[in-house]
A.B. asks: 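Before I ask anything, let me first share the structure, which is written out below as structure tokens.
Proteins come first, then strands; the chains are lettered A, B, ... in the order of their sequence lines, and each starts at number 1.
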Amino acid sequence: MMFLARRTVPGRIKVISSVTVAALGLLFATLAYGTAAAREGLRVIGHDAGPQVVATAGLYLGLSDMDAQVATALLLGDRRQDALARYEKRRAEVGSALLQAHTLAGSDAAERRTISSVLEGLGRYERLASEALLLSTLPAAGSPGPASPSGGVVPVSTTPATIAPDDRALASYRQATDLMTRELLPQAYNLTLESGTIVRHAYEEGHSTVIAVRLVALLCGALALGCLIWLQIYLARSFRRVFGLALLGASVATAACGIAGAVIMEREAAALATAKRDGFDSVLTLARARAISNSLHADQSRYLLDPVRADTYQHTFFDKSQSLVYLPAKNLSDYQRAVASLKNDRFLGMLEGRDVAAAWRRFQEADRSLRAESGASATSALTGPVRSAFDAYDATLVRLAEQHQAAFARAIAAGEGGLSGLWTLIPAGLVVITGGVLAGVWPRLKEYR
Amino acid sequence: MTGMRSNRFAAPFVMGLVACLTALLATGGCGAGEASSIVGKETLVIGVRPDLPALGLRTGDGRFEGFDVDVATYVAGKLGATARFVPALAADREKLLLSGQADLVLATFSITQERKTRVAFAGPYHLSYQDILVREGTSGIANVRDLKGRRICEVQGSNAAQRVVDERRIDASVVPVATYDECMSMLKSGRIDAITTNDVILAGLAARERGGVRLVNTQFNEQRTGVGMRRGDVEGCERVNRAITDMYQDGTAARLLGKWFGRSGLTLGKVTVPQFEGCS
């Protein structure tokens, strides 16, 4: 407070100018801090954890479908070509998803450990799956088995259209599917969830910082503006001059910078909120829904393939169905009755979910007819109406996810566009306003020399 | 005159500047802590079973021991808290959470969509299967369908027996009891034919008997054992999930399973982290 007590005119001008410049410095420092926070938030949500959700969800889908295709191939016997081709395609997709997930994991040690563990498990899985597929083409020991009467490795056309895989093939498949469903898929799924956690943290930190910066920017802008007006009043009184054009310009620029800064911060907060709530959250929810849907679809193949565990697979199908669309029901048939009479236009709480909800009803209906059949007709139900009902349902999920993905990308782009504006505003504003203050004050101070 | 006037202005401006700085500094320290979150608590009150050997059992001196108790201690440690245990019988688990008497419940609490309408779950931290325990020498019970027409006990608050009757539509006669000890003595005296519930519970009960009973080893329902929490604490739930991931990655989970079930006749398989339920 010492220097405020200096009562000389130049002393006072210097004090007021210093306070003005300090407030300006604070305004721009605050805006710079807010810009950095918003940029980091947008980076994590838009370019790190956001894409990681897509990569790991793709990993889950690929893995889950690989196992479903092995089960289908075992069920179909010599008509397995399509299933095997799809298996190979999925295998390739899994490879690139793993690579991408590993890149996006960056320096996160826990994520990297999980990804290498999936990679290691995938090798074991492929060995067991090929073993099961190979065994199913060999003549079974002590039983007629599924292979061709000639005993050849490659089944010939005289093999029955639908064959029960022999016990050894089934035993290998059980090991394979256990490895897949109990080790690999959970790790892929948890990676997706972990990205959700990372995004939530980045969002909460970024959003609250930007909101606070907006307030502080307004305060500092008002303070700087107040100082400038004070300076002008003081100069007008001391030197009997009405206008200081430079200072007036500086005041206008300060008001403009303060307001523009606050408005941009407001928009950044809105962009972060839109990217998180309307974009990312829905993309994550739909990615999880697709993962669970795919795994319950695989449970249908496993249910038909493995009579010993059929009850368990029916139960997991029921449990997973309920986790997607919850309806109070004690068992699968109760549930499917309830789904049939469901008049719900929402899916997972999403308003635009009408198509998905309708496709879900049709898929559950197809499943009900599948479970009423047995043997070859059940298998043809699986590869016919059930498969197409599932594909139609999955397509509605994909469409909905694409809508939200687009909203997400738009919000991230809007947020980043706003920031680049601020990045030019800060240095330009600082130069213009400081220049104005100096130009306004310097000639007055010189009068005292 | 002007000097006096400016001075009256100067003080508020300087104060404004200070307020500005303070506000700027304060924004750095603002967290998203919810009042009801388990994060940041020094002591976590955790409900564990008092009645299940190897999972959660109250010992003579009033302490608790078992797999769930060890997992709870580990999770609480990862959250930077110390655990204080309270008994949670099957029927009390939701009540303890909803009334605020417990922060977490690790008491062979299976995740179901129906329960999730009232409480939240972190984890699961362990996957088990429903199985059947019979008297030594019982024949004709090899899988869940063989429970038709048999008497099975149902411990209050547990849904295992009802799942056989409702989900599988198997016409077993369900005898309600309060505890597994009661179930066990009824099984031994022949008043019931079988106990069906989580294999880990059955393994613990069987291990304590040292003979006389047999685990059928027909794994028929996947049971996802989760950490019961109050709904809405997303941060807390995610922290618990991270602790569970750590527990599997650092080998603690394998060690604890080996410690409590290694000699119980239970097939442990490869110990890997289960698929989480998700916190939102």
A.B. asks: Does the A:Asn190 side chain pair with the main chain of B:Pro274, one donor and one acceptor, at a distance under 3.5 Å?
C.D. replies: yes
A.B. asks: Which bit of B:Gln249 is near chain A, if near means a heavy-atom gap under 4.5 Å: side chain, backbone, both or neither?
C.D. replies: side chain
A.B. asks: Sequence neighbours left out, what passes salt bridge (charged side-chain N to carboxylate O under 4.0 Å, His left out) with B:Arg242? Give chain and number order.
C.D. replies: A:Glu194
A.B. asks: So what's closer than 4.5 Å to chain B heavy atoms on A:Leu193: side chain, backbone, both or neither?
C.D. replies: side chain
A.B. asks: Does CD in B:Gln156 sit with more than 12 non-hydrogen atoms of other residues, nucleotides or ligands closer than 6.0 Å?
C.D. replies: no
A.B. asks: What are the two closest heavy atoms between B:Phe276 and A:Tyr189, and how far apart are they?
C.D. replies: O-CE2, 3.1 Å
A.B. asks: Only heavy atoms, only distances under 4.5 angstrom. Which residues in residues 215-229 of chain B are near chain A?
C.D. replies: B:Gln219, B:Phe220, B:Asn221, B:Glu222, B:Arg224
A.B. asks: Report which part of A:Thr285 has an atom under 4.5 Å of a heavy atom belonging to chain B: side chain, backbone, both, or neither.
C.D. replies: neither
A.B. asks: For B:Thr272 and A:Arg182, indicate whether the former's side chain and the latter's backbone hold a donor-acceptor pair under 3.5 Å.
C.D. replies: yes
A.B. asks: Of the non-hydrogen atoms in B:Thr117 and A:Tyr326, which two are nearest, and what is the gap between them?
C.D. replies: CG2-CE2, 3.8 Å
A.B. asks: Counting heavy atoms not belonging to B:Lys116, are there more than 12 under 6.0 Å from its NZ?
C.D. replies: yes
A.B. asks: Does anything in residues 306-315 of chain A reach chain B? List residues with heavy atoms under 4.5 Å apart, or say none.
C.D. replies: A:Asp311, A:Thr312, A:His315
A.B. asks: Please look at B:Tyr129 and chain A and tell me whether the side chain, the backbone, both or neither of the residue comes under 4.5 angstrom of a heavy atom of that chain.
C.D. replies: side chain
A.B. asks: To the closest 0.5 Å, what do you measure between CZ (A:Arg200) and CD (B:Glu238)?
C.D. replies: 4.0 Å
A.B. asks: Between OH of A:Tyr60 and CD of B:Gln275, what distance do you get to the nearest 0.5 Å?
C.D. replies: 4.0 Å
A.B. asks: Which residues in residues 163-172 of chain B have a heavy atom less than 4.5 Å from any heavy atom of chain A?
C.D. replies: B:Arg163, B:Asp166, B:Glu167, B:Arg168, B:Arg169
A.B. asks: Under 6.0 Å from the CD atom of A:Glu205, do we count more than 12 heavy atoms belonging to anything else shown?
C.D. replies: no
A.B. asks: Once you round to the nearest 0.5 Å, how far does CG of B:Asp246 lie from CZ of A:Arg113?
C.D. replies: 7.5 Å
